[in-house]
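Residue numbers start at 1 and run along the sequence shown. Model, not experiment: these values are computed from the prediction.
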Amino acid sequence: PNSTIKTRIFLMSIVFRVAFPNLHLWLPTMLASLIRKPKLTTLLHQLLTTIHAVAHTQRHERKLENIRTLAANPCERLWVGDDIWNIGVIDNIDFKEKTFAYSNIFDQTRSTTHATLRMVFQYKMPTSLSTLLSNVLPISDDISTLKLWGNNIKVQQIILNFHQIFKDFLQFSDLEDSENTFNYIQTFDLPDIHQQIINNVEIGCQLSPANVVILEAGNKPSSNEGIFEACDMFLQDFNLDNNKYIDIVSDEAIFRRTILYLENHAHTRIILGQWHTSKDMCSVLITIFSGFGIFNLAAALGAKFLDKLEAIVDYRSTCRVLEMIWFVVGVAIHIYLKKHNKTIEYIMNEDNNLLKTWFLYFKWAGWWKAHRIGIRMGNFEMQHESLSAFTPLFPVAGKLNYASSVTFYLAHLAKHPELKELLKHACSISINREKHFFAFDEALETFGVKYIKQNISGNPINTEQLKNQIKAVQSERD
């Protein structure tokens, strides 16, 4: 029969291709072309079905996938125990239709499907949570009397450490035959400064790798009801009673909605996503110094598309530009101090407004850099104190939503010292590199969303179908 002949041809093509790799046979060449074109996946499946290389047709596979999807239960992947700390993370996920309708494409718009993506990072703590938190004393003072933000001893020490690192690399040496002249080393760059900084930072998150589970998605996050429902689903997933806390991380837009959720759910603790906060800190620096030539500096350092820099289209590229500016400003300030025989403490008492302006950039960008390093090194104290010092700058740049959200977050941490203690053990998560950490919201958006979109098949056209596929994505991948 024809099917037998086609199967023989397929097997013979494979054998000849292995034996004679330079022989251009039509079948292996055609398979290579089909693999390269995702739109022709259906034709590839038809070919493999014809030669009996797959067990059943694509239609039957869709039926089996629907059965597996409906039966999937991601809660079976969860760790259970008194020493397990569950950190729930929520964010928006959306899919756009892959193709237009069969009509004039200029008269059609592709619809999008939205859902609330929910993930959980589970850490195994050294002891049970009750034992770990037994020595944490509840706050005794009124929160309104505490200093929650502004300059503090920790960030002052950080700036002094940055100052000393620049001095150590510059290695100023006076010339004997000339007065008020000196030499300095010029063979170092930003990566050298950065490496020296992280060498002096203590690595946090000394726990075993976290268990990452993608839970059943919630409805659209565009309303309070959708966010509240997603938060309630965590209670069911973890089987928590009214005496146990649930900790939820989200970006600033969702964080403002979860603040309202706290009014009727006292046993919920919310955490502001630090990756999105770091992005807005970049925006604050650009906004404040946009009138003092920061774009001219960026252009002089080789930055292109300054409108994209201002909008922070690419977070990592923006960070790179701001760090380069911080580096050259730091070098220039320290050369100026050496030339005029001044110390860093006297800069703000000078009459040189230009010097004071860019010293403030060196200082404030140093807080932002310390916050980012705190994320990457899993150092909660460095991350928290830097954010606390930077907070008054949000309203200066007109970032009123972030100003109120960060203020509430700092007050919420002060109100829950047990949450601060847990974050000291795990304030970030390591995904793909040892001793390199990501913020919780960054891990969800960078890896979680990417993982789901790479492994969801078909074209989700409604919320229920999307939610079912998200629920089963890990089991389907396995």
Side-chain angles (χ1 to χ4, degrees), residues 74-91 117-139 202-216 230-251 254-255 258 261-262 265-275 374-384 409 412-431 434-444 447-448 474:
C75 293
E76 296 176 352
R77 295 173 172 268
L78 295 174
W79 291 346
V80 179
D82 294 336
D83 58 345
I84 302 300
W85 182 33
N86 301 307
I87 306 173
V89 191
I90 57 177
D91 200 356
L117 178 59
R118 299 187 313 119
M119 292 178 64
V120 59
F121 303 130
Q122 294 187 293
Y123 281 102
K124 187 176 180 62
M125 308 304 281
T127 61
S128 65
L129 296 184
S130 57
T131 303
L132 185 68
L133 302 177
S134 59
N135 295 327
V136 178
L137 299 177
I139 184 171
E202 181 181 358
I203 299 177
C205 300
Q206 302 287 348
L207 300 175
S208 55
N211 179 37
V212 182
V213 181
I214 300 174
L215 299 171
E216 182 179 357
C231 294
D232 289 336
M233 293 170 70
F234 282 117
L235 297 174
Q236 303 171 8
D237 296 331
F238 301 144
N239 294 321
L240 297 178
D241 54 40
N242 292 330
N243 295 323
K244 294 183 179 178
Y245 281 97
I246 174 175
D247 300 310
I248 301 176
V249 183
S250 60
D251 62 21
I254 297 178
F255 183 85
T258 57
Y261 182 78
L262 296 180
H265 300 81
H267 284 82
T268 301
R269 297 178 301 210
I270 55 178
I271 303 171
L272 181 62
Q274 294 303 294
W275 181 59
I375 294 174
R376 292 289 176 258
M377 302 296 290
N379 189 312
F380 173 71
E381 184 182 10
M382 187 175 191
Q383 181 188 132
H384 176 264
Y409 170 61
H412 192 66
L413 285 179
K415 183 180 178 181
H416 296 280
E418 69 280 1
L419 177 58
K420 292 183 68 173
E421 182 64 27
L422 290 171
L423 288 171
K424 289 178 182 177
H425 288 82
C427 66
S428 303
I429 182 170
S430 178
I431 298 290
E434 187 179 0
K435 297 181 180 180
H436 183 82
F437 300 90
F438 297 89
F440 297 124
D441 55 327
E442 179 183 14
L444 180 143
F447 297 99
Q474 283 183 294

Does the side chain to side chain contact (heavy atoms under 4.5 Å, CB included) test come out yes or no for Cys427 and Gln383, once each step is laid out? CA-CA 9 Å; Cys427 66; Gln383 181 188 132; 3.7 Å; yes
Counting C-beta onward and ignoring hydrogens, is there a side-chain heavy-atom pair between Asp83 and Thr127 closer than 4.5 Å? no
Looking only at non-hydrogen atoms, find the nearest pair between Cys205 and Ala426 and report the distance. SG-CA, 3.7 Å
Salt bridge (Lys or Arg N to Asp or Glu O under 4.0 Å) contacts in which one or both residues fall within residues 416-425, not counting sequence neighbours: Arg269-Glu418
Assign the ring pair Phe234 / Phe238 to parallel, tilted or perpendicular, where the plane angle (0 to 90°) is split at 30° and 60°. parallel
Taking the side chain as every heavy atom from C-beta outward, state whether Val213 and Trp79 have any atom pair closer than 4.5 Å. no
Going by heavy atoms in the side chains, are Val89 and Arg118 under 4.5 Å from each other? no
Before you tell me yes or no, could you show the steps for Asp441 and Asp91 under side chain to side chain contact (heavy atoms under 4.5 Å, CB included), namely the whole-Å CA-CA distance, both residues' side-chain angles and the distance that decides it to 0.1 Å? CA-CA 8 Å; Asp441 55 327; Asp91 200 356; 5.9 Å; no
Between Ile248 and Cys231 the two heavy atoms that sit nearest each other are CD1-SG, 3.5 Å
Under 3.5 Å, is there a donor-acceptor pair between the Thr131 and Ser128 side chains? yes
With side chains defined as the heavy atoms from C-beta onward, is the minimum distance between Trp275 and Phe440 less than 4.5 Å? no
Are His412 and Leu272 close enough that some pair of their side-chain heavy atoms sits under 4.5 Å apart? no
Take Gln122 and Asn86 through the test side chain to side chain donor-acceptor pair (under 3.5 Å) and record every step on the way to the result. CA-CA 5 Å; Gln122 294 187 293; Asn86 301 307; 2.7 Å; yes
I'd like to check Trp85 versus Leu423 (side-chain heavy atoms, cut-off strictly below 4.5 Å). Are they in contact? yes
Testing the basics here: between Leu215 and Leu78, what is the closest heavy-atom pair and its distance to 0.1 Å? CD2-CD2, 4.3 Å
What are the two closest non-hydrogen atoms of Asn379 and Met382, and how far apart are they? OD1-N, 3.0 Å
Considering all heavy atoms, the nearest Met119-Gly448 contact: SD-CA, 3.8 Å
Flag the pair Leu422 / Leu132 as yes when at least one side-chain heavy-atom distance between them is below 4.5 Å, and no otherwise. yes
List the steps, then state whether side chain to side chain contact (heavy atoms under 4.5 Å, CB included) holds for Arg77 with Val212. CA-CA 9 Å; Arg77 295 173 172 268; Val212 182; over 6 Å; no
Compute the ring centroids of Tyr245 and His416, then answer whether they are less than 6.0 Å apart. yes
Run the side chain to side chain contact (heavy atoms under 4.5 Å, CB included) check on Phe437 and Glu442 step by step: do they pass? CA-CA 10 Å; Phe437 300 90; Glu442 179 183 14; over 6 Å; no
Side-chain donor-acceptor pair under 3.5 Å between Tyr261 and Asp232, yes or no? yes
